[in-house]
2 protein chains.
Amino acid sequence: MTETRVRRGRPGHDQATVLRVAIDLFIARGYDAVSMADLAAELGLSKSSLYHHVPSKERLLELALDEALAELTAVVDAAADGAGPAYPRLRRVVEDSVRLLVAHQPAVTLLLRVRGNTAVERAALERRRRIDARLAGLVRAAATEGSLRDDLDPEVVSRLVFGMVNSLVEWYDAAGPVEVGALARTVVATALEGPARGASPG
Amino acid sequence: MTETRVRRGRPGHDQATVLRVAIDLFIARGYDAVSMADLAAELGLSKSSLYHHVPSKERLLELALDEALAELTAVVDAAADGAGPAYPRLRRVVEDSVRLLVAHQPAVTLLLRVRGNTAVERAALERRRRIDARLAGLVRAAATEGSLRDDLDPEVVSRLVFGMVNSLVEWYDAAGPVEVGALARTVVATALEGPARGASPG
DNA sequence: GCATTTCCCGACCGATCGGTCGGGAATCAT
DNA sequence: ATGATTCCCGACCGATCGGTCGGGAAATGC
């Protein structure tokens with residue numbers, strides 16, 4: 001998969017490592033609050049050396065957002081527009097989203113914090129908007145086939161369900177006590193069936 | 001309630017207006033991305049005049065965070081530590097949180113985006129952490145009294161439920177088609193009873 | 001050995017940042 | 001009118017920002 005090329009010349013850092021450290025810093029302090037000098041210091045090199053590996057600060061952001069968007073698109077492609085009853089597909093999308101979010105937590109976290117200040121950010125927001133629209137379509141389909149309570153607006157439910165999923169980035173720690181599998185199961189149960197015992201509308 | 005003092009001297013802007021415009025800008029572009037010159041331009045005065053109304057940029061952030069935290073604390077005080085069964089109190093806290101979030105959406109949005117870069121931000125994060133802990137206690141009480149499914153970790157459920165509530169700030173528009181009352185009802189139903197019809201665990 | 005490639009650095013650039021300063025203009029109470 | 005109060009402004013400050021530049025050091029292939 002990942003081709004390990006023979007590296008010539010003086011050994012040193014590589015772009016992938018720079019990107020990973022950059023994303024972590026962006027998440028910890030916020031994109032704007034992290035200077036290229038900060039990032040260079042964290043990597044243990046000078047700012048000018050850093051620019052040998054990366055063309056600009058914004059490019060780092062773009063690479064991270066691309067990663068998150070590619071993964072999200074794959075998950076939605078795999079289930080949102082498929083055949084068969086919508087509700088099981090919705091369950092699966094929610095579960096897959098949780099696993100994806102954990103596997104690519106740094107990149108996804110960054111994506112969810114984009115505000116649209118630059119062209120790069122606006123493009124990412126637009127791609128995300130399209131993904132959200134497809135997810136909403138799946139929730140609508142589940143409502144139409146009668147799998148959801150008919151006293152709730154499917155558009156709002158969709159925002160809430162995936163808002164819950166996305167909120168994971170704010171607290172979940174893959175190294176913590178909660179396993180990914182248990183987390184995914186709990187999210188599906190909470191977001192769709194509800195945590196209350198003997199749930200009754202009204 | 002709000003005492004309308006007689007204003008002497010040359011008329012002009014007041015701090016409350018400055019704060020409101022500042023919060024809106026901070027939300028739209030992010031705190032770091034908004035310069036005091038931007039804010040001054042938005043208000044129609046010079047940067048130096050702006051500093052007549054406000055001592056620093058950080059003070060603006062602090063005022064906004066204080067507003068959000070005061071409201072959140074009031075809601076939690078009103079129900080989280082009260083007497084009686086926990087589940088109805090949990091329902092009420094969720095509903096009140098939604099209404100609070102809509103009523104103070106700008107300030108709450110700002111609070112939810114704080115990263116802890118400065119002392120002011122860290123203090124706000126700490127206050128918020130305490131509020132979250134009390135909410136988790138309420139969910140735990142509901143689980144202990146048997147109101148919640150016992151196959152789900154109450155700590156995780158608490159994070160998820162209030163993560164869903166907090167995600168409202170990312171999309172809800174009070175001027176849009178969804179009324180606050182309908183929204184609050186939908187959130188309670190979705191977060192606690194679940195949107196699925198005939199919810200069944202497993 | 002030596003050219004090539006890769007990586008690193010200190011010094012520097014124009015722009016912008018949050019914030020200050022001294023003074024001028026409008027409005028108040030008297 | 002006049003003095004106090006309130007508000008406004010242009011000019012300026014040191015610090016920091018993202019990014020550039022020319023050149024030196026370490027590894028590779030020959």
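Within every chain, numbering begins at 1; the chains are lettered A, B, ... in the order of the sequence lines, protein sequences first and strands thereafter.
With rounding to whole Å, B:E58 atom CD is found 18 Å from C:dC17 atom P. As rounded to whole Å, 6 Å separates atom P of D:dC17 from atom CG of A:D38. Here the P atom of nucleotide C:dA15 and the CG atom of A:D32 are 20 Å apart, to the nearest Å. Atom CG of A:L50 and atom C1' of C:dC8 are 12 Å apart (whole Å). Atom CG in B:L43 sits about 14 Å away from atom P in D:dC7, given to the nearest Å. Put simply, NE2 on B:H52 is 16 Å from P on C:dA26, counting in whole angstrom units. When rounded to the nearest whole Å, the span between CE of A:M36 and P of D:dG18 equals 7 Å. Distance OH (A:Y31) to C1' (D:dC17): 12 Å, rounded to an integer number of Å.
In the interface, the side chain of B:K47 is paired with the base of C:dG18 through a donor and an acceptor atom under 3.5 Å apart. Remark: the A:S48 side chain and the C:dG10 base include a donor-acceptor N/O pair separated by less than 3.5 Å.
Comparing C:dG10, C:dC7, D:dC9 by their nearest atom to the side chain of B:S46 picks out D:dC9. Nearest nucleotide to the side chain of B:H13, out of D:dC8, C:dG18, D:dG19: D:dC8. With C:dC8, D:dC9, D:dT20 as the candidates, the nucleotide lying closest to the side chain of A:Y51 is D:dT20. When distances run from any side-chain atom of B:L45 to the nucleotides D:dC7, D:dC9, C:dC8, the shortest one goes to D:dC9. The side chain of A:S49 approaches C:dC8 more closely than any other nucleotide in the set D:dG18, C:dC8, C:dG18.
Between the CZ atom in A:R130 and the CG atom in A:L125 there is a gap of 11.5 Å [rounded to 0.5 Å].
In this model, the phosphate group of D:dT16 is not approached by any side-chain N or O of A:S35 to a distance below 4.0 Å at OP1 or OP2.
Using a 4.0 Å heavy-atom distance criterion, B:V34 is classed as a sugar-phosphate-only contact.
A donor-acceptor pair is defined here as one N or O able to donate and one able to accept, closer than 3.5 Å; no such pair exists between the side chain of A:R140 and the backbone of A:P154.
The cationic atom of B:K57 (NZ for Lys, CZ for Arg) lies less than 6.0 Å from the six-membered ring centre of B:Y31 and within 45° of the ring axis.
In this structure, B:E179 places its CD atom where only 12 or fewer heavy-atom neighbours from other residues, nucleotides or ligands lie under 6.0 Å away.
Here the closest non-hydrogen pair linking B:L110 and B:A64 is CD2-CB, 3.7 Å.
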